[in-house]
Structures are given as C-alpha cells and as structure tokens.
Amino acid sequence: LHTAYRRQRQMCIRDSTWRDNTVLALVGGFVTEDYLKEKITELLKEGTELIVLDYKALLHFSEEVREYESQIQDVGIQAYLLNPLQSAYDYEDIARDYLRQMLPSRKEVCGKKALEEVFSQEEEKTVQMAAYLSYVPFHAYPLVLEKLREAEMEELYLTIERPTVATLYDMEKYGITVEKDALKEYGDQLVGRIEELEKNIYEQAGKTFNINSPKQLGVILFEDLKMPFAKKTKTGYSTNVEVLERIAEDHPIVPRILEYRKLTKLKSTYVEGLLKVISPVDGRIHTHFQQTVTATGRLSSTDPNLQNIPVRMELGRAIRKVFVPEDGYVFVDADYSQIELRVLAHISGDEQLIEAYKSDADIHRITASKVFHTPFEEVTDLQRRNAKAVNFGIVYGISSFGLSQDLSITRKEAATYIEQYFATYPQVKTFLDKQVEDAKQNGYVTTLYGRRRPIPELKSSNFMQRSFGERVAMNSPIQGTAADIMKLAMIHVWEELHRRKLNSRLSLQIHDELLIETDRAEATEVAELLKDKMKHAAELSVSLEVDLHTGENWYDAK
C-alpha cells in the first residue's frame with residue numbers, strides 16, 4: 001500500500017496537503033490485492049473517511065465497506081447531483097470542472113483495454129491510472145462538498161443517493177433468471193408475426209420493398225399511396241413514429257408498419273439482446289443500473305435495458321414470462337398507482353385535486369365529471385379516456401397541439417379541454433406557471449427533496465427549445481419527486497429485508513415498480529413489508545397507493 005502511495009506521488013502528486021494517514025482515496029479497480037481488504041476495514045474501524053470516485057466499484061471489491069457507509073464519500077454521485085446534464089462523471093471530468101486540470105482520459109491512457117486488463121498487464125499505466133483515480137476525488141471532494149451544501153443537496157445525497165448505490169449493487173449482484181428455452185420460443189412467436197406483417201404490408205403496398213428503409217417506405221406511403229402530411233427531409237420523406245401515428249387511420253398499412261417496427265425492435269433488443277447477456281455461470285442476467293444518467297433522478301439500466309420493456313402491446317408484455325424466480329421462490333411485484341398525479345396534487349396544493357384523491361374514487365372519472373360538467377355516474381368511457389389523457393398530459397406540460405394529436409381532436413377542442421381542466425384545478429395552473437417563472441429566474445427547478453434540474457433551454461433564442469424548456473420546468477419537479485420517492489422505497493425495502501434476515505431480495509426496479517424474488521415461505525411477510533414501505537416512503541397530503549401481485553413469473557406477478 002505504501003509503495004503504491006509513494007509511486008503515485010512520484011508520478012503526479014506534488015501537493016503538500018496529501019496525508020496518507022488522514023484520508024484514503026481509493027477506487028475498487030485499483031485495489032486488487034486481497035490483503036488490502038483487511039487494511040481498508042482496519043482504516044474504517046479507526047474512523048478513516050474513504051473518498052472514492054465510484055462507491056459501487058468499491059463494493060464490488062469489498063462488500064464489508066457497506067457497514068461503514070457514513071465514512072464513504074462518492075464524488076462521482078455528488079458531481080452528478082451538481083450537474084445532472086453531463087454525459088459522464090469520470091476523473092477527467094471532475095478534474096476539469098473542480099480542479100481546473102486537464103488530465104488524459106481513461107481512453108487515452110488505456111486505449112480500448114478494460115481497466116482490469118490494464119491493471120493486470122501494464123505496470124506504468126496502472127500507476128498512472130491509480131494516481132488519477134485517487135488524486136482527483138481526494139482533492140476535488142472539499143470543493144464538491146462545498147457546492148453541494150450551497151445548493152442544499154447534501155441531505156439528498158446522504159439520505160437518498162448514497163444509500164441507493166448499495167441497494168443497486170445488491171440487485172446487480174443477484175440478477176434475475178431468464179429461461180433460455182422460453183425466450184427462444186418467444187422469439188419464434190415474434191418471427192411468425194413479423195413474417196405475417198411483412199406479407200400483409202407488401203400486399204397493401206402492391207410491391208415488395210425494404211420496410212426498414214425510411215427512404216423506400218416514404219416513397220410507398222407518400223408517392224405511391226398518396227397519403228397526407230408528407231414532410232420532405234434531405235434524405236427523403238419523414239417516416240418517424242409521430243408521422244406514422246398521425247396517418248394511422250388513413251390507411252390500414254400504417255398500423256401494420258407501426259406494429260412491425262415494435263416487434264422487430266423487440267426481437268433485436270430483447271430476444272437477441274437477452275440471449276447475449278445470460279450469464280454462463282448462473283443462467284441469470286445482471287443488468288447494470290445507472291444512477292447518473294437521467295436529469296430527473298430516475299434510474300436507467302443497460303446490458304440489457306429493462307426500463308423500456310413494452311407494456312401496451314400484449315405480445316410485448318409477454319416477454320416478462322421468460323423472467324422467472326429460482327426454485328423455491330416466487331415473484332412479488334408492486335407498483336405505485338398514479339404516483340406522479342398524486343405528487344402533483346401534493347406539491348401544487350390544489351384542494352380540488354387533493355379532495356378528489358381523498359374520495360378514493362376513479363380520478364379520471366372525477367376529472368371528466370368536473371371538466372365536462374357531467375354527473376359522475378353519467379360520465380362516458382370516451383369522456384373518461386379524454387380526461388385521463390388530460391390528467392397525464394398536464395404532468396408533462398402538454399400543449400393543445402400535443403393533446404389534439406393524442407386524442408385525434410381539433411386543436412381548438414384540445415385547448416378547451418386544457419382550459420376547463422385548469423378551471424377545475426386552478427392551483428395546478430398556478431403551480432406550473434410558477435415552476436416556469438422560477439426556472440427562468442434561477443436556471444433550474446427542484447424536487448420536493450431538493451434535487452435540482454438545470455434548464456438551459458429557457459435561455460435559447462430558438463422558440464422550440466424554449467417551449468421544450470417550459471415543459472421540462474413543469475414536469476421535472478413532479479417526475480423527479482416521484483423518482484426520489486421510489487429510491488426511498490427501494491432503500492427502506494432493502495434495509496428491512498436485511499434487518500429481518502430474510503432470504504428474499506430485490507430484483508428489479510422499473511420506473512414505478514419494484515420486483516422481489518421471494519422465498520415462498522416468506523411470501524406473505526414480504527408482500528406486507530413491500531406494500532408498507534412503498535406506501536410510507538413519503539408522507540404526502542394524499543396517500544400513496546400500491547398495486548401488488550404475486551406470480552410464478554414476472555408477467556403473472558404484474
């Protein structure tokens with residue numbers, strides 16, 4: 001250890017404030033010798049603070065450090081909180097932003113090799129990388145912490161972001177089982193339907209062509225079939241999903257093209273994609289949860305991305321059937337009911353909306369009754385559906401144009417719906433307007449827990465960019481607060497599972513949903529625990545409601 005320190009100092013550290021015995025700056029990848037685990041534990045027991053670039057990497061090296069979480073500072077997570085719009089928070093980014101130093105990037109030092117490969121083969125590069133990975137967080141930490149306190153986000157970091165790291169580490173480590181044969185069978189189902197759609201599309205077009213070519217598809221739709229709303233680009237006609245959805249009712253070929261695209265993406269992303277990442281060791285997939293990617297605080301996942309599994313198409317939802325618990329276990333799944341609307345009711349303080357939720361009746365039917373001035377019992381399914389679109393649209397700062405597209409009505413009708421909604425829930429309008437004004441003045445909006453979302457688009461000279469910024473200003477406090485609440489729920493569930501020494505474990509988090517791989521003997525206890533911790537993750541002026549199901553696979557549990 002001391003040899004490593006000495007060599008680091010020789011390589012790049014010329015700073016008298018470097019103190020070996022006070023603060024240890026480490027990264028999991030650098031610390032490769034087993035004896036160092038004992039040294040780290042010894043230092044932690046003495047009260048040493050570990051300042052790292054990546055707490056999760058340190059957990060991969062030594063899970064024991066979790067017991068001393070209050071002594072571990074993750075500078076990467078802290079930097080993310082201060083500027084969630086960046087694409088990366090590696091040592092070179094932090095050195096540039098906080099130390100005013102330009103350091104060679106990981107890629108420049110290591111080339112295409114993985115860090116572990118470099119560490120095992122190239123001594124000089126190992127020392128260089130170790131120096132950067134320890135020097136930067138160590139020296140940046142006081143500056144980052146000061147800014148975090150100025151932005152009033154230290155509490156957010158301590159109570160939500162840092163504990164989330166350990167929770168995600170466990171979820172990644174355990175992974176989830178995928179039945180390979182069932183997945184292949186599902187792939188065959190997709191292929192059958194895709195071939196059926198291809199045949200039908202060719203018949204409708206009167207010729208064969210490459211359906212995956214936007215250029216060829218544009219010619220078929222807008223020249224051969226003379227469809228409306230043709231929009232020329234430099235490479236041909238625009239055939240993106242917005243264009244196709246707009247003309248979906250004008251010709252039967254369009255819905256089939258939309259379905260074809262969804263199913264081919266399902267096949268490549270989930271059938272072929274999942275088969276590639278099933279571990280040969282345990283037959284499970286171990287997705288990587290990303291904590292520093294989204295600007296609102298939501299989690300994302302990669303290798304594979306499980307956040308975008310389709311829910312609207314039955315054939316898309318069916319992919320969940322291949323995710324199964326291990327023998328002797330069952331899935332318990334819970335998701336928040338309308339969490340973003342409930343958050344909106346709370347943070348806007350709108351008495352009508354709060355009362356609507358407290359009545360425990362169908363919120364969309366209540367809204368339809370109020371907006372369309374129809375007795376509650378007489379609200380039609382169409383009115384309810386339109387009210388639902390307005391309810392959720394308002395959360396995302398929807399415009400009259402956007403709503404008219406969603407509901408296939410005129411822009412004037414859509415504007416009337418929105419006006420009636422705001423007349424019904426006036427404090428919602430006041431709240432949303434205030435978010436936009438605050439964002440223009442401060443440059444950011446905040447969640448209920450103090451998470452900041454910068455909105456530079458509001459200063460753009462481009463009208464479309466400014467309009468986007470206004471929608472972000474309306475939505476981010478709502479979506480971000482919901483994301484914070486979900487993280488708190490995850491942390492509390494994870495802690496309770498461990499406190500009770502249960503065999504069950506958290507498997508997945510998908511937006512508003514938590515999935516637990518549950519020992520059958522613990523199923524009743526875990527279901528009660530999960531529901532309780534999610535319902536009480538936050539105390540709002542309206543209750544948080546949770547839908548909970550149990551099943552032999554993820555599909556049945558949902």
Side-chain angles (χ1 to χ4, degrees), residues 168 170-193 262-263 265-289 299 301-337 486 489-490 493-494 497 502-531 534 546-558:
L168 296 179
D170 258 13
M171 291 162 68
E172 291 178 1
K173 180 181 75 173
Y174 288 120
I176 186 169
T177 300
V178 172
E179 282 191 330
K180 191 179 284 190
D181 291 342
L183 182 58
K184 289 176 179 175
E185 190 178 316
Y186 174 75
D188 292 339
Q189 277 184 277
L190 289 182
V191 169
R193 179 58 181 156
K262 287 174 183 174
L263 296 187
K265 186 176 181 182
L266 258 177
K267 181 176 175 289
S268 62
T269 304
Y270 291 109
V271 178
E272 295 164 11
L274 288 176
L275 284 169
K276 288 177 185 173
V277 294
I278 294 174
S279 168
V281 177
D282 59 11
R284 298 165 77 90
I285 62 166
H286 301 265
T287 187
H288 298 284
F289 289 100
L299 298 173
S301 69
T302 56
D303 303 318
N305 176 4
L306 297 178
Q307 303 283 341
N308 291 336
I309 285 183
V311 291
R312 292 182 182 176
M313 295 167 53
E314 176 54 33
L315 195 52
R317 283 197 301 272
I319 184 72
R320 291 174 178 239
K321 291 179 181 178
V322 308
F323 292 87
V324 296
E326 68 173 87
D327 290 344
Y329 283 69
V330 68
F331 279 146
V332 176
D333 182 282
D335 67 295
Y336 281 117
S337 171
M486 174 51 88
M490 286 172 58
V493 168
W494 181 86
L497 289 172
L502 297 175
N503 296 319
S504 306
R505 60 249 177 179
L506 267 173
S507 290
L508 294 178
Q509 185 275 326
I510 310 291
H511 304 312
D512 304 332
E513 175 187 359
L514 283 180
L515 183 71
I516 296 185
E517 190 168 11
T518 309
D519 188 318
R520 286 184 186 278
E522 300 169 354
T524 301
E525 182 180 2
V526 167
E528 290 172 357
L529 175 162
L530 177 59
K531 194 164 189 174
M534 287 181 71
V546 176
D547 297 323
L548 188 140
H549 303 279
T550 302
E552 299 296 327
N553 57 54
W554 188 14
Y555 179 90
D556 292 340
K558 187 71 176 87

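We number each residue from 1, following the sequence as shown.
- Proximity of Leu529 to Val493: side-chain heavy atoms (C-beta onward) are separated by under 4.5 Å at one or more points.
- Side-chain contact check for Tyr555 versus Ile319: every heavy-atom pair is 4.5 Å or farther apart.
- The CE atom of Met171 sits 7.0 Å away from the CG atom of Leu514 when rounded to the nearest 0.5 Å.
- Between Thr287 and Pro304 the shortest heavy-atom distance is OG1-O, 2.7 Å.
- If you run salt bridge (Lys or Arg N to Asp or Glu O under 4.0 Å) between Glu272 and each of Lys267, Lys184, Lys265, only Lys267 comes through.
- Annotation: the span from Lys558 atom NZ to Ile309 atom CD1 amounts to 11.5 Å, rounded to 0.5 Å.
- Of the possible donor and acceptor atoms, none in the side chain of Ser507 sits under 3.5 Å from a partner among the backbone N and O of Ile176.
- The side-chain hydrogen bond (donor to acceptor under 3.5 Å, both in side chains) test applied to Ser337 returns no partner, not counting sequence neighbours.
- For the atom pair CG of Leu306 and CG of Leu299, the computed distance is 12.0 Å after rounding to the nearest 0.5 Å.
- Contacts of His511 classified as side chain to side chain contact (heavy atoms under 4.5 Å, CB included), with partners at least two apart in sequence or in another chain: Arg298, Gln307.
- The closest donor-acceptor contact from the side chain of Thr177 to the backbone of Pro325 lies at 3.5 Å or more, if one exists at all.
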Donor-acceptor pairs under 3.5 Å, side chain of residues 327-335 to any protein atom, not counting sequence neighbours: which ones?
{"from": "Asp333", "atom 1": "OD2", "to": "Trp554", "atom 2": "NE1", "distance (Å)": "3.4"}

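- No side-chain donor-acceptor contact under 3.5 Å links Tyr270 to the backbone of Leu183.
- A 4.5 Å side-chain heavy-atom check between Leu508 and Phe289 finds at least one atom pair inside the cut-off.
- Legend: residues meeting side chain to side chain contact (heavy atoms under 4.5 Å, CB included) with Glu525, ordered by chain and number and at least two apart, are Arg500, Leu502.
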Listed pairs under 3.5 Å, donor-acceptor, residues 516-523 side chains, sequence neighbours left out:
{"from": "Glu517", "atom 1": "OE1", "to": "Arg284", "atom 2": "NH2", "distance (Å)": "2.6"}
{"from": "Glu517", "atom 1": "OE2", "to": "Glu326", "atom 2": "N", "distance (Å)": "2.7"}
{"from": "Thr518", "atom 1": "OG1", "to": "Ile516", "atom 2": "O", "distance (Å)": "3.1"}
{"from": "Asp519", "atom 1": "OD1", "to": "Ala521", "atom 2": "N", "distance (Å)": "3.0"}
{"from": "Asp519", "atom 1": "OD2", "to": "Asn503", "atom 2": "ND2", "distance (Å)": "3.0"}
{"from": "Arg520", "atom 1": "NH1", "to": "Glu552", "atom 2": "OE2", "distance (Å)": "3.2"}
{"from": "Arg520", "atom 1": "NH2", "to": "Glu552", "atom 2": "OE1", "distance (Å)": "2.7"}
{"from": "Arg520", "atom 1": "NH2", "to": "Glu552", "atom 2": "OE2", "distance (Å)": "3.3"}
{"from": "Glu522", "atom 1": "OE1", "to": "Asn503", "atom 2": "N", "distance (Å)": "3.2"}
{"from": "Glu522", "atom 1": "OE1", "to": "Ser504", "atom 2": "N", "distance (Å)": "3.1"}
{"from": "Glu522", "atom 1": "OE1", "to": "Ser504", "atom 2": "OG", "distance (Å)": "2.6"}
{"from": "Glu522", "atom 1": "OE2", "to": "Asn503", "atom 2": "N", "distance (Å)": "2.9"}

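- Taking the charged nitrogens against the carboxylate oxygens, Glu513 and Arg320 do have a contact shorter than 4.0 Å, which makes a salt bridge.
- With rounding to the nearest 0.5 Å, the separation of CD in Gln509 from CG in Leu168 is 8.0 Å.
- In this structure, NZ in Lys321 is found 10.0 Å from CD in Glu185, a value given to the nearest 0.5 Å.
- Rounded to the nearest 0.5 angstrom, Ile278 CD1 and His286 NE2 are separated by 10.5 Å.
- Here the shortest heavy-atom pairing between Tyr186 and Leu315 reads OH-O, 2.5 Å.
- With sequence neighbours excluded, the residues forming a side chain to side chain contact (heavy atoms under 4.5 Å, CB included) with Lys173 are Glu63, Tyr169, Asp170, listed by chain and number.
- With contacts defined as side-chain heavy-atom distances shorter than 4.5 Å, the pair Asn553/Phe323 does not qualify.
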